[in-house]
Each structure stands twice: as structure tokens, then as C-alpha cells.
Colleague: 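Here you go, one structure.
The basis for the numbers below is simple: all heavy atoms, side chains too, and nothing from hydrogens, waters or symmetry mates.
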Amino acid sequence: MADSTRLFIAQVERLSQSAQQTAWQESVTRLAESFWDEFLSIPRHSVSLPFPEDARLKRVAEALSATPADPRGQQEWADMAGMSLRSFVRHFTIDTGMQFSVWRQRLRILGSGLIL
């Protein structure tokens, strides 16, 4: 993994933790500005998300890709896939290499620029 990608992922994680704070601090503003600088410098292919191969999981990923801000919870996505929550989470992680919650967060950050 390229150094810039590791930096980008670290910034995403830090910003997502900072979003839970009630007050937006100056240091978070600087981090957000640095995040966008990094995001724009990374080659497009390195910020794409792995898309699941399993047809049931792919149905969920396509629905979320169409509307990244969809507020449904994991149980509702598992229902859409016709799986138990436990199976959904396990299979999604195996199929994409990342937890569903992390995948969804990255999708939201990438927005409409997702490369499938």
C-alpha cells in the first residue's frame, strides 16, 4: 500500500472520530483541509472500494452506491441480502476484505466518485 494511501486512511479514521465531538476545533479544520489535499493527490484507482462478488451482497452494495447516505442499519441491509446479521457481517468482511461499517464509511467519503 502506498504511503499516501496509509496517510489518507489514517486521516479518514481521525476525522470520523472527530465527528463525534460536539465542538469543531481548529486542529480538526486543519486535518480536514489536509485530508482534501491528500484525497486530490491520490491516483483515482487507489481510492476505489472492493465490490462484493456474492450476488446477495452485491445487491446491498449497489443500493448503497446509488444512495450513500441511506440511513438503514446493518440489520436492514442483512434482511435485503436475505441473511442473518451475523452471516451478513461475516460474508461481507470475507468478500471485500473490510467490515461493512468501514466499507460504508469509505463509500460515503468517496461519494459519487466510486470506481466499481
Colleague: If you define the side chain from C-beta out and look only at heavy atoms, does anything of Leu57 sit under 4.5 Å from Phe51?
Modeller: no
Colleague: Considering non-hydrogen atoms only, spot the tightest contact between Arg108 and Pro68 and give its length.
Modeller: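 Where Arg108 meets Pro68 most closely, the heavy atoms are NE-O, 2.8 Å.
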Colleague: Starting at OG of Ser34, measure out to CD of Gln11 and round the result to the nearest 0.5 Å.
Modeller: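 Ser34 OG to Gln11 CD: 4.0 Å, rounded to 0.5 Å.
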Colleague: Can you measure from NE2 (His91) to CZ (Arg86) and round to the nearest 0.5 angstrom?
Modeller: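 So the NE2 of His91 and the CZ of Arg86 are separated by 10.5 Å.
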Colleague: Which heavy-atom pair separates Gly73 from Arg104 by the least distance, and what is that distance?
Modeller: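 So the minimum-distance heavy-atom pair works out to CA-NH1, 4.5 Å.
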Colleague: In terms of hydrophobic clustering (I, L, V, M, F, W, Y; side-chain heavy atoms under 4.5 Å; direct or indirect links), are Leu31 and Phe35 co-clustered?
Modeller: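 Same cluster: Leu31 reaches Phe35 through Ile, Leu, Val, Met, Phe, Trp or Tyr contacts under 4.5 Å.
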Colleague: Please check: side-chain N/O of Arg72 versus main-chain N/O of Trp77, any donor-acceptor pairing under 3.5 Å?
Modeller: no
Colleague: Give a yes or no on this: more than 12 heavy atoms of other residues, nucleotides or ligands lie within 6.0 Å of atom CD of Glu62.
Modeller: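 More than 12 within 6.0 Å, yes.
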Colleague: If you define the side chain from C-beta out and look only at heavy atoms, does anything of Glu26 sit under 4.5 Å from Arg30?
Modeller: yes
Colleague: Within this structure, what is the OG-CZ distance for the pair Ser87 and Arg56, rounded to the nearest 0.5 Å?
Modeller: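 One finds 8.0 Å between OG of Ser87 and CZ of Arg56.
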Colleague: Can you check whether Thr93's main-chain N or O pairs, donor with acceptor, with Trp103's side chain at less than 3.5 Å?
Modeller: no
Colleague: Looking only at heavy atoms, what is the nearest atom pair of Ala81 and Val60, with distance?
Modeller: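 Looking at all heavy atoms of both residues, the shortest contact is CB-CG2, 4.0 Å.
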Colleague: Under a 3.5 Å distance rule, please check whether Ser65 uses its side chain to pair with a backbone N or O of Ala61 as donor and acceptor.
Modeller: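 Present.
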Colleague: Checking Asp95 side chain against Asp54 main chain: does a donor-acceptor pair fall under 3.5 Å?
Modeller: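 Yes, the answer is positive, given that a donor and an acceptor are paired below the 3.5 Å cut-off.
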Colleague: Give, for atom CD of Gln105 and atom CE of Met98, the distance between the pair rounded to the nearest 0.5 Å.
Modeller: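 Rounded to the nearest 0.5 Å, the CD-CE separation comes to 10.5 Å.
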